[in-house]
Amino acid sequence: MSTPPYSPFEPDDHTVALFHFDEGEGNQTTDACGDALLTLRAHRQAQWASHPGFGACARFDRRTDDANLLVGPANNDKLHLRPCTAEWTVEAWVRYTGTGGLEEGHTYVNICGTEDEGLGLPIGMRGGWNFSLHSFTRPGTLHDGLYPAARFMGSPRGRDPNHDTSALLLQNAKAGGWTSADPPRIKDNNWHHVAWQFRYLDQTHFFFLDGQLIRRVQLPLPNDLQGRVVNDAENVGVPFVVGGFIHSQDPPKHPAYGNFEGEIDEIRISSIMRYPVADRLSIVRRELPPATCNAPYSVQFSADAASGLVHWALAEGRLPAGLVLDSKTGAISGKPTVALENQPLNLLAAGTTGSTDRHQFHLSVRRGQITTDSLPPAFAGTPYLAKVRTSHMIPPIKWTVAKGALSAGLHLDRDTGELAGTPSNPCICRFLVNAVDAIDQSQQAEISLKVLPAELLVIGPDEHTVVLYDWQGANGRLIPDVMGDEDLTLTWTNIGGDRRVSWPGRSGRFPQDTGHGEHGFVGPQHNAKLDLRTCKDAWTVEAWIRRGGPLQAYGVRADEHHQPFTFGHICGTYDKTERGVWELYLSAHNSPDGSMAPGAHFLGAEPDQELMNLHPWTRPDGLVVDSAKAGIYDTEWHHIAWQYESVEDYHQLFLDGLLIWQMRSPDGRRLVNNRRHDAQFSVSTRLKGFARYGGAFDFLGEGHFFGQIGEIRISSIKRY
């Protein structure tokens, strides 16, 4: 146990930001290190109190108008912990004076940070951290006790899933990490020192109360892609806030949730861990970076609470051939000569005082490989650039096409592995690429590239366009219809920030969803255009989509952490309650090879007017191409379209401009567009009721889209 100093902190070389709150009056407080950019200003009116032995401090009331929050800058490197490249400590003195239990039965009150739970972000991207008090129980009042807690969110840009430690550090019991069966907690209205420390080396979070380590959480959990701290969020729309969250008032969003009640003093951010995390010699647990076969490798082990020299040895087993352990420094180095996976290394550390610790690590030695098996689509007549990527290959790498041919107009750069040029004609080219690196590793891989028709590159407006969403513009919360119909504006399903991201091969930014149903988009109810009723003779519903992969970022079906992605709602008014008229989707149901194909549902008012599962795998009689050409196997962008023509009562499905399926009057039923309903038009999320900024979205339910969705256009003609 380390006793925190009972006097104001003094800035030192490791202090990133420090707020004494010693002004005692006015509406702002300054950084004690002198950085004027970090000045905090009252949201409306600052309030002050006294901290015995320290002087003035900030006071906060739990109010629904967020009146006395202290707000700093947005996107400031220091307040986003970016100077803390190896480790950090975020700490504060707090006196909570509330009763607790007011956040839907538990207690979660924000001390400070740059992440707001999505409660108030009007536009912009979420991504950052907050440091809080949490009850970890429900009910969770002050009597039940409060603990220091934190969350950290990296950027969701282009990642499925994104780096998010939220539930694991706040309330997920699976993360565990308590240092005793009944750890100390805050159960009174007195002053307490709280601290959160983090170390990148072992991805471990440490929480302290009054100098005592009460919780240790190492992330990610086994087999979990999330939970890793990666500090890569940019252009975050949430400013640094002390004393709560700035809540949305339009519409109101849990207007008091997370607001502090009491006093806060001495917030300090440091680029080191200030407090010891072990009371005896302890080897730092970590994942070892994989080595490359026949290439130089070095990794350094370390120990907490080491006094004097530490002697390192292998307690069991042996190192991979070519590697040696330095018993004095704890470094493994050399050139491994044999490829292997998860070789156990049982390491022993012994201190001069006689204390010892041992831990089993695992080391993999891998051969070089080409990791690219597909490429973003190219477009005829449009310049193209994409790179073939490798892992565990040592530059310089020499590239050649060993078999097959590239599309006319494209070439492979021998030195960079870049495919560049302007393809002339639509085609699918498959070729074998060869790579030889600096240590004579040679690898080959079959790669496919689609060159699509030029007219698919940009889905734009014309006289036949009924509705068009292109997702561009400064505001990610309100997505207008490009044709100017304000009634068709889309809004967030739930307040969650601007989730539009870019992707290689496309221009612009498009929404990304991890498939858990919370962050889709919704439009109006009872709209003739969105129910396809203005398309009297024909229609085309089309979209660009990119599936995130075979496993979604949540769920329990595939394993403890992941849900298979076998069906995804792209857009339409048909919802979880089976209301609405139509749905365009991507599905692997009944797939012969696991690939996903576009499909549609369309419902009339009567049961005998239902047209369900207009889909190549469910109705293979409608296939007009080989099934291998009808499915999506990769995570690249693809264009899909559903066409209907009323005179012949003909449905057609297209993938990347190719007709893949068609059927006249499925089940002998003509399409009848006569259904009345109260469902909303939605994108990426299958609703279970009315949703606008937090309504009846189907959180963690099935049927949501996983990946990205690009332009969506409804037209009153057959376009393809």
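Owing to the predicted nature of the structure, the values given are computational and were not obtained by experimental measurement.
Side-chain N or O atoms of Thr371 include one that pairs as donor or acceptor with a backbone N or O of Arg389 at under 3.5 Å. Formation of a donor-acceptor pair under 3.5 Å by the Glu103 side chain with backbone atoms of Gly258 is found in this model. Of the possible polar contacts, one joining the Gln680 side chain to the Ala691 backbone as a donor-acceptor pair under 3.5 Å is found.
Tested against His639, the residues Phe654, Tyr720, Phe379 include a single ring pair (Phe, Tyr, Trp, His ring centres under 6.0 Å) partner, Tyr720. For the ring pair (Phe, Tyr, Trp, His ring centres under 6.0 Å) with Phe602, the lone residue among Trp539, Tyr585, Tyr644 that qualifies is Trp539.
By the 30° and 60° cut-offs, the orientation of the rings of Phe565 relative to Phe706 is perpendicular. Ring geometry for Phe699 versus Phe697: interplanar angle over 60°, hence perpendicular rather than tilted (30 to 60°).
Remark: the His569 side chain and the Glu583 side chain contain an N/O donor-acceptor pair separated by less than 3.5 Å. Residues His247 and Asp66 bring a donor and an acceptor atom of their side chains to less than 3.5 Å of each other. A donor-acceptor contact closer than 3.5 angstrom links the side chains of Tyr108 and Asn130. For the residue pair His677 / Asp531, a side-chain donor-acceptor distance below 3.5 Å is found, with atom types taken as modelled. Checked by atom type, the side-chain pair Asp593/Ser591 shows a donor-acceptor distance below 3.5 Å. For Lys253 and Asn494, the side-chain atoms include at least one donor-acceptor pair closer than 3.5 Å.
A salt bridge links Glu117 and Arg151; the closest N-O separation between the charged side-chain nitrogens and carboxylate oxygens is under 4.0 Å.
Of all heavy-atom pairs between Leu406 and Leu410, the closest is CD1-O, 3.9 Å. Closest approach of Ala679 to Asp575, counting heavy atoms only: CB-OD2, 3.5 Å. When all heavy atoms of Trp617 and Gly631 are compared, the closest pair comes out as CZ2-CA, 3.9 Å. Across every non-hydrogen atom of Cys429 and Ala405, the tightest pair is CB-O, 3.6 Å.
Not a single salt bridge (Lys or Arg N to Asp or Glu O under 4.0 Å) links Glu518 to another residue, sequence neighbours left out. Partners of Arg477 under the salt bridge (Lys or Arg N to Asp or Glu O under 4.0 Å) rule, at least two apart in sequence or in another chain, do not exist in this structure. Considering only residues two or more places apart in sequence or on other chains, Val624 meets the side chain to side chain contact (heavy atoms under 4.5 Å, CB included) condition with Leu659, Gln662.
Here CG of Asp656 is found 12.5 Å from CH2 of Trp637. Values are rounded to the nearest 0.5 Å.
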